[in-house]
Amino acid sequence: MSDPLSCPEFLQNPYPFYDELRAAAPVRQVTTGSGGRPSYLVTGYAEAKEAFTDPGLSKDTARFFGDRPSGRNLHSAVAHTLLATDPPEHTRLRRLVTKAFTTGAVTRLRPYIRDTADRLLDGFPDDGEADIVAGLAVPLPVTVICQLLGVPEADRAQVRTWSSDLFAAGQPQRIDAASHAVAGYMADLIGAKRQTPDDSLLHDLITVRDQGEHLSEDELVSLAVLLLVAGHETTTNFIGSAVLALLQHPELLNRVRTDPGTMSSMLNELLRYDSPVGIATFRYSTQVITLGETEIPAGVPVLISPGAANRDPAQYPTPDRPDADRDARGHLAFGHGIHRCLGAPLALAEAELALGALLARFPGLRFAVAPEELRWRRTRLMRGLESLPVFTR
């Protein structure tokens, strides 16, 4: 079938498309990209969870695309990240950064996250219009990950621009240019921190590189780029979508306002309801595999959709309506298995503190435009609002 993910209606609301595909088959062949490449799209929950851990699926993009001609000029630090490796390389690289995102490490960051959210909300009018995306969802995660990595404050706006450009669907030249810009920037920042050490996560990785053989220079730059970009993009999208869902469903909003202790469990349901990751990063079959009842030949891309899987009625009854009492801890918004998002604890903390501060500060929060007028970012990988105008009173 033709590419079901390319039409504007899909970007605005992918869920009817996912429902139609899943109803036909939870794993099915589709054509994607400008060249009409055959791929398999996974939209069922059970099948997606199985795919995330199937040893017959590889994330080694260099191996898959190595002998294929391409007109792209993506920097290797972006093309070949931790997300594009298999064990044992993946295991080695992930171990180097996991400690920065443990529950304990994130707990120590919570005061900084809370203070940052409060400072951002100080810029909102007490009685007027504000943009949740531009005023809170974008700057909060960017500020936190840049603080963690030691990115100077003066450079953070440019970092955000490069990061956004990396997800510009249908604009390969823009993506390629951004990949070289952000990789060059991180290489320069690594050089600067070698001259002037600090207590940042980036300097910790530099120390690992310079004191042993566990990390090459190219891998160091690639890890730095990945942490910088992945460390805020999904959280930005999630905060915006979560506020939208709460405003659209007053019963949820009233629940978290009257009982703030329910925010943690509510976040899982909001992640399930509108996942910030529509299509997970690239995988391909290294052998013939079977997902559900579908046999997939060797050597083809397999696209796993957390957004579709989290709306599978076989797993979650009445999936198109958020339920404050649902136990959604098994959602796949962060993936599953060895590639599960290592920054999940940080993302949850940022969303919890941002939403809590927002709702406490502005009890009269309401839409400034009709929800159907809102526009979504033009990227299939991520799902996030371009803006969310609200009245604060």
Side-chain angles (χ1 to χ4, degrees), residues 52 59 77-78 81-85 90-114 116-117 136-151 156 159-160 162-164 166-167 182 186 200-202 204-205 219-242 264 267-268 270-272 274-281 304 306-307 310 329 331-355 379 381-384:
F52 275 125
K59 298 188 99 265
V78 173
T81 68
L82 168 66
L83 295 180
T85 59
H90 174 267
T91 308
R92 171 177 58 86
L93 293 171
R94 185 176 174 111
R95 186 181 297 122
L96 295 175
V97 294
T98 297
K99 66 178 181 180
F101 300 98
T102 62
T103 301
V106 171
T107 297
R108 291 189 290 274
L109 272 173
R110 286 178 69 91
Y112 179 79
I113 298 170
R114 184 181 294 108
T116 302
L136 180 65
V138 167
L140 175 64
V142 168
T143 301
V144 172
I145 196 62
C146 285
Q147 181 72 14
L148 194 60
L149 286 171
V151 174
R156 294 174 184 180
V159 163
R160 169 60 191 169
W162 288 328
S163 178
S164 180
L166 287 174
F167 294 96
V182 72
M186 292 309 296
S200 67
L201 172 59
L202 183 55
D204 290 345
L205 292 173
E219 289 172 335
L220 172 59
V221 175
S222 180
L223 267 181
V225 169
L226 176 64
L227 291 170
L228 185 65
V229 174
H232 71 269
E233 279 291 339
T234 53
T235 311
T236 286
N237 294 333
F238 175 45
I239 291 172
S241 296
S264 179
L267 290 177
N268 283 313
L270 293 172
L271 281 163
R272 181 209 65 79
D274 206 356
S275 171
V277 177
I279 303 291
T281 48
I304 307 172
N310 287 335
R329 286 175 293 180
H331 69 77
L332 300 179
F334 292 129
H336 179 65
I338 63 170
H339 290 284
R340 187 178 190 272
C341 176
L342 64 86
L346 179 60
L348 287 168
E350 290 173 342
E352 176 192 346
L353 294 169
L355 293 176
T379 167
L381 181 65
M382 299 289 185
R383 175 164 167 78

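The CZ atom of F52 sits 4.5 Å away from atom CD1 of I304, with the distance rounded to the nearest 0.5 Å. Between H232 atom NE2 and I239 atom CD1 the span is 11.5 Å, to the nearest 0.5 Å.
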For residues 332-353, which side-chain donor-acceptor pairs fall under 3.5 Å, sequence neighbours excluded?
from, atom 1, to, atom 2, distance (Å)
H339, ND1, H90, NE2, 3.2
E352, OE1, R110, NH1, 3.4
E352, OE2, R110, NH2, 3.3

task = Verify side chain to side chain donor-acceptor pair (under 3.5 Å) between H331 and N268, making sure each step is shown before the conclusion.
result = CA-CA 7 Å; H331 69 77; N268 283 313; 3.0 Å; yes
request  = Could you walk me through whether E219 and R92 pass the side-chain contact (heavy atoms from CB on, under 4.5 Å) test, one step at a time?
outcome  = CA-CA 11 Å; E219 289 172 335; R92 171 177 58 86; 2.7 Å; yes
inquiry  = Quick one, L270 with D274, criterion side-chain contact (heavy atoms from CB on, under 4.5 Å). Give me CA distance, side-chain angles, the key distance, then yes/no.
reply    = CA-CA 6 Å; L270 293 172; D274 206 356; over 6 Å; no
request  = Show your working on side-chain contact (heavy atoms from CB on, under 4.5 Å) between L355 and F238 and close with a plain yes or no.
outcome  = CA-CA 11 Å; L355 293 176; F238 175 45; 5.6 Å; no
ask   = Should I145 and L148 be marked as a side-chain contact (heavy atoms from CB on, under 4.5 Å) after you check the CA-CA gap, both sets of side-chain angles, and the distance that decides it?
value = CA-CA 5 Å; I145 196 62; L148 194 60; 4.1 Å; yes
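Checked by atom type and distance alone, the side chain of T98 pairs as donor or acceptor with a backbone atom of R94 at under 3.5 Å. Checked by atom type and distance alone, the side chain of T85 pairs as donor or acceptor with a backbone atom of L82 at under 3.5 Å.
In terms of heavy-atom proximity, L149 sits nearest to L202 at O-CB, 3.1 Å. Nearest heavy atoms, L205 versus L220: CB-CD1, 3.7 Å. Across all non-hydrogen atoms, the minimal contact from R156 to V142 is O-CG1, 4.1 Å. Heavy atoms only, all atoms of each residue included: V182 and L166 are closest at CG1-CD1, 4.3 Å.
No option in P276, P141, S275 other than P276 meets the side chain to side chain contact (heavy atoms under 4.5 Å, CB included) test with N237.
Checked against side-chain hydrogen bond (donor to acceptor under 3.5 Å, both in side chains), R160 has the following partners two or more places apart in sequence or in another chain: E233. Partners of S222 according to the side-chain hydrogen bond (donor to acceptor under 3.5 Å, both in side chains) rule, which considers only residues two or more places apart in sequence or in another chain, do not exist here.
Taking 4.5 Å as the limit, every side-chain heavy atom of W162 sits out of range of all side-chain heavy atoms of V229.
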